[in-house]
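Notes follow the structure.
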Number of protein chains: 2
Amino acid sequence: MVELKGSVELETVKRNTLPKQVVDSIVQLLVSGQLKPGDKLPSEMELIDMLGVSRPVLREALSSLEALEVITRKTRGGTHFNNKIGSNPFSVMLALSIGNLPAIIEARMALELGLVAMAAEKITNEKLKRLKETIDEIAGSVDNNYGEADKEFHRIIALSADNPIIEGMIDPLLITHDKMDRQIRERERDVTVQFHTDIYNALVNRDPHEAFTHMYRHLSYVRNKLLQVYQNE
Amino acid sequence: MVELKGSVELETVKRNTLPKQVVDSIVQLLVSGQLKPGDKLPSEMELIDMLGVSRPVLREALSSLEALEVITRKTRGGTHFNNKIGSNPFSVMLALSIGNLPAIIEARMALELGLVAMAAEKITNEKLKRLKETIDEIAGSVDNNYGEADKEFHRIIALSADNPIIEGMIDPLLITHDKMDRQIRERERDVTVQFHTDIYNALVNRDPHEAFTHMYRHLSYVRNKLLQVYQNE
DNA sequence: CATAATCATATTGTAAGACGAATTAGATGA
DNA sequence: TCATCTAATTCGTCTTACAATATGATTATG
């Protein structure tokens, strides 16, 4: 924003470097339907000719798209559009908020509350079985060392929503689960088992509302516990 | 995966190019707490010396980080970590799924169901007022041209969750709202107004469960309508 | 002395050229 | 036919040079 004399304000011209413009042109191939996920892009030399830019500019753009996991480049194999986004982009972006625990907790909440409702609609019997196993594992743990099973419970649910757009966010947010786990000094295995069992039963019933209710209770409880620790620091 | 003789399998060595390694090194500055959001990074020349790579390699890495909106580069101004991620990365990534309407619909659902619950906890009176205005706008529209007010309703709620991690996803997914809007040939203004009013009342009551319930109903209804159109094509 | 204009410089942006690295396809030999 | 080797394709990395942008310092002017 550039404030001029009087009350007129002009938006500053957006930095629009050549690599950015190249990114947009390549993305447009997808948006327009000219190319689809899985398709091969022209080689670097061809793109350089087509777009009329230097090789470093093109490579900066391709590196950017690869960081976003929109494409994958292989020596001699060329460059292809991916079929879906993995977890690396979100993981890198999440590093910006790594110190903002309340934001992480609530991002997890927002996501998991929505995902558990979707999971209630579509979870498979196989995944239900796996869910139950994690609950048993937590119940049977003898040294309060059940963080992995706890995380696996949440991961199975999240993955049951079966959504390629959201999928890449699940593991990065679950990695923050480990960080949070370590903050909780008092572990309450039986409380966790109860929460998980309630959620599991709702999923067995395929009831999104019930699933939401129990997950909300569980995550609110964990949130309060964590924020307590956070505020004591 | 390389399949060796017998049943032993080895993971192929991950492509770990120098720009990727540079990205990781720079992200590690954040993760380790050495630098924080808003801080200035060393200049390109300094980073080249520190990391022992060529300038194009460094620039590819910085372009990647900029595409992820983790950093912003300014000529002569240097390179800074951002405070939060904007909507561009997610928007580009979403282009990969642009043709997969069911996935988009459900990603929106997953997110909006979680966000409305969080919004119920923390929405301001000002935003409630704005919400009401959008409902009145839709109710008073005379030519079924209320897509923008409809979208604004959803946007206000999503932003009320007030989460910097999720915020960057809201606008890209709401842009898909326009695309979906155009698919719906029969507009049912009164039904929309009813759904929105129910959601609004739940938010006034600051009740996450009620908010979830009404949003789930609304979005399921929209989903069914859209999938019907989708399957007829 | 204060303000505006100009110049120098810091830092990023772009290009060209060269060579290296990785991988696949094709040719050759057993 | 299969194994091995070679050539070619394509991306990966580096060096060098110049351009563009924006800020700070200096100079000129009122």
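Heavy atoms only: backbone and side chains are in, while hydrogens, waters and symmetry mates are out. Letters A, B, ... are given to chains in the order of the sequence lines, protein chains preceding strands, and every chain is numbered from 1.
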The side chain of [X] lies closest to which of these nucleotides: [options]?
X	options	result
Arg55(B)	dT13(D), dA15(C), dT12(C)	dT12(C)
Val57(A)	dT13(D), dC11(D), dT14(C)	dT14(C)
Leu18(A)	dT14(C), dC11(D), dC14(D)	dT14(C)

Mind listing the residues from residues 43-53 of chain A sitting with a heavy atom below 4.0 Å of DNA chain D? Number order is fine. Ser43(A), Glu44(A)

Please state whether the rings of His196(A) and Phe153(A) are parallel, tilted or perpendicular, taking 30° and 60° as the class boundaries. parallel

Run the side-chain donor-acceptor check on residues 85-99 of chain B: report pairs under 3.5 Å with partners two or more places apart or on a different chain.
none

All side chain to side chain contact (heavy atoms under 4.5 Å, CB included) counterparts of [X], not counting sequence neighbours:
X	answer
Ser25(A)	Leu51(A)
Thr75(A)	none
Lys36(B)	Asp39(B)

Tell me: [atom1] of [X] to [atom2] of [N], nearest whole Å?
X	N	atom1	atom2	answer
Arg59(B)	dC14(D)	CZ	P	15 Å
Glu60(B)	dT14(C)	CD	C1'	14 Å
Arg73(B)	dA10(C)	CZ	C1'	16 Å
Asn16(B)	dA21(C)	CG	C1'	15 Å
Gln21(B)	dT13(D)	CD	C1'	12 Å

Sequence neighbours excluded, which residues qualify as salt bridge (Lys or Arg N to Asp or Glu O under 4.0 Å) partners of Asp171(B)? Arg155(B)

Which residues pass the side chain to side chain donor-acceptor pair (under 3.5 Å) test with Asn145(B), not counting sequence neighbours? none

Roughly how far, to the nearest 0.5 Å, is CE of Met118(A) from CD1 of Ile166(A)? 9.5 Å

Taking side-chain hydrogen bond (donor to acceptor under 3.5 Å, both in side chains) as the cut-off, I'd like each qualifying pair that reaches into residues 60-71 of chain B, sequence neighbours left out, listed once. Arg15(A)-Glu66(B), Arg59(A)-Glu60(B), Glu60(A)-Ser63(B), Ser63(A)-Glu60(B), Ser63(B)-Arg73(B), Glu66(B)-Arg73(B)

Would you mind telling me which residue lines up with the more 5' stretch of DNA chain C, Ser54(A) or Leu41(B), judged by nearest nucleotide? Leu41(B)

Every protein N/O lying under 3.5 Å from an N/O of nucleotides 20-25 of chain D:
unit_1	atom_1	unit_2	atom_2	d
dA22(D)	N3	Arg76(B)	NE	2.9
dT23(D)	O4'	Arg76(B)	NH1	2.9
dT23(D)	O2	Arg76(B)	NE	3.4
dT23(D)	O2	Arg76(B)	NH2	3.0

Comparing nearest nucleotides in DNA chain D, the 5'-proximal residue of the pair Thr79(A), Pro56(A) is Thr79(A)

Does a side-chain N or O of Thr17(B) approach OP1 or OP2 of dC11(D) to a distance below 4.0 Å, or not? no

